[in-house]
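A, B, ... follow the sequence lines: proteins, then strands. Residue 1 opens every chain.
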Protein chains: 2
Amino acid sequence: MVTSTQEESEKVDHRPTLHDVARAADVSIMTASRALNGQARVSAETRERVLSEAARLGYRPSFSARALRARESQLLGFRAPNLMLPVHVEIIQGARDYASQEGYRLLLEVDPDESASGDTFTTDGDLVMGEPPAFLRPSLARCVSLMGRPSAYDIDACGTNLAEATLDALHHLADKGYRRIGLLHHALISPAFSPSQRLIDSGCDQDPELIQVVSNDKSSVLEGLSRLMSLDPRPDAIAVVHVVGTPHVLRELHRHHFVIGRDIGFVGTEVSSSEWGDLIAPRMTAIQVPARQVGAEGAARLIARLRGDRSPARQITIPTMLIERESTPGPWR
Amino acid sequence: MVTSTQEESEKVDHRPTLHDVARAADVSIMTASRALNGQARVSAETRERVLSEAARLGYRPSFSARALRARESQLLGFRAPNLMLPVHVEIIQGARDYASQEGYRLLLEVDPDESASGDTFTTDGDLVMGEPPAFLRPSLARCVSLMGRPSAYDIDACGTNLAEATLDALHHLADKGYRRIGLLHHALISPAFSPSQRLIDSGCDQDPELIQVVSNDKSSVLEGLSRLMSLDPRPDAIAVVHVVGTPHVLRELHRHHFVIGRDIGFVGTEVSSSEWGDLIAPRMTAIQVPARQVGAEGAARLIARLRGDRSPARQITIPTMLIERESTPGPWR
DNA sequence: CTGTTAGCGCCTTCAT
DNA sequence: ATGAAGGCGCTAACAG
C-alpha cells in the first residue's frame with residue numbers, strides 16, 4: 001500500500017512550503033503557521049487538519065526563511081585552520097553538546113585563511129580556533145577564541161594553560177629523578193618557554209637544544225625528535241606537549257627499539273576523554289587536555305553573548321591534568 | 001588610531017546589509033550587489049567604491065537571504081544518533097573535506113530520534129548514519145545513508161561490508177591455527193552472522209556461544225567479553241568487530257593480566273586513518289574501517305544528486321582492510 | 001552601466 | 001479564531 005503524494009494532482013516538485021500545506025488544509029497561510037508552531041489559538045479541529053496535511057506532504061519549515069525573518073540563524077560557526085585534529089574533534093563535541101542543548105547548531109567552516117573576505121556567510125556567532133581571522137574583526141563581539149594564545153584583541157577566549165602544563169610535566173620528570181629532559185612542544189605555547197627556578201634547582205640540564213618547537217606536521221615533529229635524540233649526551237626523558245605529535249614520537253621511538261620507561265622517560269599529551277595513553281604499554285604518563293570542556297565553555301560564552309551579555313571580555317582557562325602512569329618510573333630502575 | 005565606523009552618524013546597530021553598503025557608496029542596492037559579486041558589468045570606479053565601503057563597514061552577505069533567494073542553502077546535514085563515535089568523526093572529516101571542496105558546508109544535526117518531526121530545518125540534503133528517520137522519508141532522494149544495513153528503501157547508501165570483514169578476520173585467525181575463536185560484534189552487522197564453510201573445514205569450534213552481539217555501551221561490550229571468557233574451554237582467540245568495543249576489550253584483558261598474543265590471539269577494529277593499533281604492544285592485528293572514504297563517497301553521491309543526477313539509487317561499498325600485525329601469532333609459540 | 005520591480009518562505013502586526 | 005498586509009536581505013529579469 002503506497003500512500004502517494006499526488007492526490008488531486010498536487011504535483012509539488014519543490015519542497016512543500018507553508019503555502020502548500022495551507023492550501024491542502026484549506027486555510028490561510030497564517031493559520032497553518034500558527035497551527036504548526038503550536039503557540040497561538042487555533043481551533044483544535046483546524047490544527048489537526050493542518051498537522052496531518054503537513055505530515056502527509058512532508059513539510060519542513062525553511063531554515064533560510066525563518067532565519068531571515070528572525071534575523072538570526074541559530075547557527076554557530078566552528079572555524080579551524082584546515083585540518084581537523086583530535087583536539088578540534090573533542091572541542092567540537094563539547095561545543096555541539098552544549099549548543100544543541102541551547103537550541104543552536106554547529107556549522108563546520110572550512111577556513112582557507114586567506115579566502116576572500118566577502119565570500120563568507122553569516123552565522124550568529126563563531127567559535128574560532130586560535131586567532132580570529134581578519135574578516136571576523138568587525139564582529140569580535142560574536143566570536144570566542146578557542147585555545148589561542150592571549151589575544152591582542154579584547155575578545156572572549158577559552159583555553160588551557162599549556163605553559164603551566166609544560167612546567168608540570170617537567171617538574172614531574174625532575175621529581176622522578178630525570179636530569180636531562182628533552183621538550184618537544186607546539187609553537188602555540190605562547191611566550192617563549194623558560195625553565196622554572198625549581199627545574200634549575202633540581203639540577204636539570206639547561207641546554208637550550210633540549211627545547212624543540214615543532215608544528216603539526218609529522219615531519220616537523222620527527223625532525224625535532226631526531227635533533228633531541230642526537231644530542232650528546234642523549235636526553236634521559238622526553239616530554240611531548242603536543243597532542244598530534246605524541247603518537248608520532250612514540251611510534252618513532254618504537255621503531256628505533258627504544259623501550260619507553262626503561263630506556264627513556266616519557267610524558268605525552270592526550271585529549272582527556274580519549275585516554276588512549278591508558279592502552280599502550282607501558283601506560284603513558286600524560287598531560288590531559290580538557291578539550292571537551294573548552295568547547296563547551298566556549299559555546300556557553302558565545303551563546304551568553306548572543307543573548308545579550310555585555311560584560312567585559314573574559315579569558316577562561318580550564319586547567320590540564322597530569323596523569324601519572326608508567327612511562328616515567330625514573331631513570332634508575 | 002581608531003578607524004571608527006561612525007562617520008556621518010552612520011550608527012548601524014545591526015549587521016550591515018547591502019542597503020547600508022549601497023547608501024554609503026551612494027549607489028543603488030543592485031549596483032552594490034553586482035559590484036560585490038563581481039560578475040556583472042559595473043564601472044571599475046564604482047566597484048572600487050562599493051568594495052571599499054563594504055570592507056569598511058565589515059559587510060558580510062546574509063546567508064539566510066541568499067539561501068532563501070537561491071532556494072538552496074549549500075548546507076548538508078550530518079545526522080548521527082546521539083553520540084559522536086570515532087567512526088562518525090572520521091566520516092565527518094571525509095564528508096567535510098569533499099563537501100567543502102564543492103562549496104557545501106556541513107551542519108551537525110543532533111538527532112533526538114523521536115523529536116517532533118516538524119521541529120527540524122531544511123538543508124539541501126542529508127547524510128545520515130544508518131536508516132534515515134521517518135521525517136526524512138519524503139525527501140529520500142536527497143539523503144544518503146551511511147554505514148547502514150541494506151535499506152528497505154530505495155536510497156543511496158555508502159558503507160563497508162562488515163560481514164565480509166568479519167569472515168576475513170575469522171579466516172585469518174583460523175589460518176594462524178586458532179581453533180576456538182570468540183567473536184564480539186555489533187548488532188549492525190546486518191543478517192545474523194553465520195560461519196563459512198571454510199571455517200568449518202578448518203575445524204574451528206562452532207559453539208554458538210562463541211558469537212556475542214553487543215551494543216555501543218561499554219557495559220554491553222564487557223558483558224559480552226565476560227561471557228566469552230567464562231566459556232569452557234576458553235577461546236584461544238578473540239575477534240572484536242567493533243570500533244568502540246575494541247579499546248574496552250583490550251583494557252579489560254589487560255586488567256585481567258592477559259598478555260595479548262601470548263595468552264590469546266586478538267583481532268581488533270580501528271578506524272583506518274587513526275591506526276592506533278600500531279602503537280600498542282603488541283601491535284594489534286586489525287580490521288581497518290575506511291570511515292573517511294565512506295564520508296567522502298557519501299558526500300559525493302549526495303552532491304551529485306543535488307546537482308541533478310537521477311540515476312537509480314546506488315549502494316557503494318568500500319572494503320575494509322585486514323592489517324596483520326603482532327597480536328595474532330598463532331596459538332603455539 | 002545602472003536602477004526598478006518582484007518575490008523567495010516565513011512570521012509580526014494589525015484587522016476582522 | 002482566522003485573514004491580509006508588509007518586510008526581513010538578497011538577486012533574476014527587465015527596463016532605461
Side-chain angles (χ1 to χ4, degrees), chain A residues 12-51 53-54 57-75 103 118-124 139, chain B residues 12-51 53-54 57-75 118-124 138-139:
Chain A
V12 192
D13 55 343
H14 58 296
R15 313 263 270 234
T17 75
L18 213 40
H19 183 75
D20 299 317
V21 176
R23 196 155 39 78
D26 195 38
V27 292
S28 81
I29 292 186
M30 265 328 295
T31 308
S33 170
R34 283 194 273 250
L36 286 164
N37 295 333
Q39 332 244 24
R41 300 137 309 177
V42 180
S43 82
E45 185 190 11
T46 311
R47 162 177 285 107
E48 287 304 315
R49 199 149 28 93
V50 171
L51 257 44
E53 285 305 305
L57 260 32
Y59 168 75
R60 290 208 284 158
S62 151
F63 164 74
S64 338
R66 271 199 181 164
L68 178 57
R69 183 66 246 237
R71 296 148 149 285
E72 57 180 18
S73 59
Q74 303 289 97
L75 249 39
D119 255 37
T120 90
F121 292 90
T122 316
T123 49
D124 287 353
S139 49
Chain B
V12 193
D13 55 343
H14 58 298
R15 314 263 269 237
T17 74
L18 213 41
H19 183 76
D20 299 315
V21 176
R23 196 156 38 79
D26 197 37
V27 293
S28 81
I29 293 186
M30 258 331 286
T31 308
S33 169
R34 283 194 272 250
L36 286 164
N37 294 333
Q39 334 241 25
R41 301 134 309 173
V42 180
S43 82
E45 184 190 12
T46 311
R47 163 177 285 106
E48 287 304 314
R49 198 148 29 94
V50 171
L51 256 43
E53 286 304 306
L57 260 33
Y59 168 76
R60 288 209 285 158
S62 153
F63 163 74
S64 338
R66 273 197 180 164
L68 179 57
R69 183 68 245 240
R71 297 151 147 285
E72 59 181 16
S73 59
Q74 304 288 99
L75 250 39
D119 255 37
T120 92
F121 292 91
T122 317
T123 48
D124 286 354
S139 50

Need one value for [X]: base, sugar-phosphate or nothing, where a base atom within 4.0 Å counts as base even if backbone is also close, heavy atoms only.
X: A/Ser64; result: nothing
X: B/Leu68; result: base
X: B/Ile29; result: base

Nucleotide nearest [X] (side chain, heavy atoms from C-beta), chosen from [options]:
X: B/Ala65; options: D/dA5, D/dC10, C/dG9; value: D/dC10
X: A/Met30; options: C/dC10, D/dA5, D/dT11; value: D/dA5
X: B/Val42; options: C/dC10, D/dC10, C/dT2; value: C/dT2

Measure [atom1]/[X] against [atom2]/[N] and give the value in whole Å, please.
X: A/Arg49; N: D/dA1; atom1: CZ; atom2: P; result: 15 Å
X: A/Leu36; N: C/dT12; atom1: CG; atom2: P; result: 14 Å
X: B/Asn37; N: D/dC10; atom1: CG; atom2: P; result: 10 Å
X: A/Gln74; N: C/dC11; atom1: CD; atom2: C1'; result: 15 Å
X: A/Tyr59; N: C/dG9; atom1: OH; atom2: C1'; result: 8 Å
X: A/Arg47; N: D/dA1; atom1: CZ; atom2: C1'; result: 11 Å
X: A/Glu72; N: C/dC10; atom1: CD; atom2: P; result: 17 Å
X: A/Arg15; N: C/dC8; atom1: CZ; atom2: P; result: 17 Å

Once rounded to the nearest 0.5 Å, what's the spacing between atom [atom1] of [X] and atom [atom2] of [Y]?
X: B/Glu53; Y: B/Arg23; atom1: CD; atom2: CZ; answer: 10.5 Å
X: B/Arg49; Y: B/Ser43; atom1: CZ; atom2: OG; answer: 7.5 Å
X: A/Arg69; Y: B/Ser64; atom1: CZ; atom2: OG; answer: 13.0 Å

Item checked: Matching residue for B/Val50 among B/Leu18, B/Asp26, B/Val42, B/Leu36 - test: side-chain contact (heavy atoms from CB on, under 4.5 Å) -> B/Leu36
Look at [X] and [N] and indicate whether a side-chain polar atom (N or O) is within less than 4.0 Å of OP1 or OP2.
X: A/Thr31; N: D/dA1; value: no
X: B/Ser28; N: C/dG3; value: yes
X: A/Ser33; N: C/dC11; value: yes

Item checked: Given DNA chain C, 5'-ward residue of the pair A/His19 and B/Ser43, judged by closest heavy atom -> B/Ser43
Notebook entry, point to check: Does A/Arg34 make a side-chain donor-acceptor contact with the base of D/dG3, cut-off 3.5 Å?
Noted result: yes
Next item on the list: Return yes if the base of C/dC11 and the side-chain atoms of A/Arg69 contain a donor-acceptor N/O pair under 3.5 Å, otherwise no.
Entry: yes
Notebook entry, point to check: Where the side chain of A/Gln74 meets the backbone of A/Gly103, is there a donor-acceptor pair that is under 3.5 Å apart?
Noted result: yes
